[in-house]
Amino acid sequence: QVQLVESGGGLVQPGGSLRLSCAASGSIFRIYAMGWYRQAPEKQRELVATITNSDTTTYADSVKGRFTISRGDAKNMVYLQMNSLKLEDTAVYYCNLRQYPTLGVRQDYWGQGTQVTVSS
């Protein structure tokens with residue numbers, strides 16, 4: 001099994017910044033991509049940002065220009081720098097890892113989530 005642990009969430013005022021971190025451990029064979037998703041109350045989980053093992057990034061339109069995803073030198077680490085936070089960014093943020101442990105097999109793993117609350 002693969003375990004993902006997120007950290008860095010908290011309470012911040014509109015316009016403020018937070019940096020989320022995610023560390024992966026366990027039965028990691030080959031990481032294809034890592035990313036961040038979020039889920040607000042009574043809403044479906046949505047993609048925030050992803051980064052592949054070749055450093056290709058994808059962002060939701062709602063966070064472009066404000067959030068930046070990056071990988072650590074240890075490729076089992078991923079970060080999300082969140083700037084200019086808005087009230088609508090309030091959600092539980094989940095770390096995701098996608099890997100292909102064997103040929104033709106794709107697996108996704110999720111962290112437990114970290115709460116981000118933007119409030120004045």
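Of all non-hydrogen atoms in Ile51 and Ser70, the two that sit nearest each other are CD1-CA, 4.2 Å. Minimum interatomic distance between Arg38 and Ser62 (heavy atoms only, all atoms of both residues): NH2-OG, 3.4 Å. Listed here is the closest heavy atom pair of Trp36 and Ser21: CH2-O, 3.5 Å. Between Met77 and Ala23 the shortest heavy-atom distance is SD-CB, 3.3 Å.
In this structure, the separation between CD on Gln44 and CD on Glu46 is 10.0 Å, given to the nearest 0.5 Å. To the nearest 0.5 Å, the span separating CZ on Arg66 from CG on Asn83 amounts to 9.0 Å. Distance check, rounded to the nearest 0.5 Å: CG of Leu85 to OG1 of Thr90 gives 8.5 Å. Note that the CZ atom of Arg19 and the OG1 atom of Thr68 stand 11.0 Å from one another [nearest 0.5 Å].
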**Study point:** Residue pair Gln3, Tyr109: steps toward the side chain to side chain contact (heavy atoms under 4.5 Å, CB included) verdict
**Key:** CA-CA 7 Å; Gln3 295 83 43; Tyr109 299 90; over 6 Å; no
Practice item. Step by step, work out the side chain to side chain contact (heavy atoms under 4.5 Å, CB included) result for Glu6 and Gln112. Key: CA-CA 7 Å; Glu6 304 102 330; Gln112 79 287 347; 2.9 Å; yes
Check your understanding: Thr117 and Val12: side chain to side chain contact (heavy atoms under 4.5 Å, CB included), yes or no, with the steps?
Key -> CA-CA 6 Å; Thr117 302; Val12 65; over 6 Å; no
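Taking the side chain as every heavy atom from C-beta outward, Ile31 and Leu97 approach each other to under 4.5 Å. In this structure the side chain of Phe67 reaches within 4.5 angstrom of the side chain of Leu80, judged on heavy atoms. Side-chain contact between Pro14 and Leu87: present, with at least one pair of heavy atoms (C-beta onward) separated by less than 4.5 Å. Residues Arg71 and Tyr79 form no side-chain contact, since every pair of their non-hydrogen atoms from C-beta on lies 4.5 Å or further apart. With a 4.5 Å cut-off on side-chain heavy atoms, Cys95 and Met34 count as touching. Counting only heavy atoms from C-beta outward, the side chains of Ser17 and Gln81 approach each other to under 4.5 Å. The shortest side-chain heavy-atom distance between Val116 and Leu20 falls under the 4.5 Å cut-off. Looking at heavy atoms from C-beta onward, Gln107 lies in side-chain contact with Pro101 at the 4.5 angstrom threshold.
Exactly one of Asp55, Val48, Val78 qualifies for a side-chain contact (heavy atoms from CB on, under 4.5 Å) with Ile69. That residue is Val78.
Geometric assessment of Arg106 against the ring of Tyr32 yields a negative cation-pi assignment under the 6.0 Å and 45° thresholds. Seen from the ring of Tyr94, Arg45 counts as a face-on cation partner, given the 6.0 Å and 45° thresholds.
When ring centroids are compared, Trp110 and Tyr37 come within the 6.0 Å threshold.
Within 6.0 Å of CD on Glu88 lie more than 12 heavy atoms contributed by other residues, nucleotides or ligands.
With hydrogens and angles ignored, the 3.5 Å screen pairs a side-chain donor or acceptor of Ser27 with a backbone N or O of Gln1. The backbone N or O of Ala24 lies less than 3.5 Å from a partner atom in the side chain of Asn76, making a donor-acceptor pair. For the pair Ser84 (side chain) and Gly15 (backbone), a donor-acceptor distance under 3.5 Å is absent. Put simply, the side chain of Gln39 never gets that close to the backbone of Val92: no donor and acceptor are under 3.5 Å apart.
Counted by atom type alone, Thr52 and Ser54 present one or more donor-acceptor pairs between their side chains at under 3.5 Å.
Using a 4.0 Å cut-off between a side-chain N of Lys or Arg and a carboxylate O of Asp or Glu, Asp89 and Lys86 do not qualify as a salt bridge.
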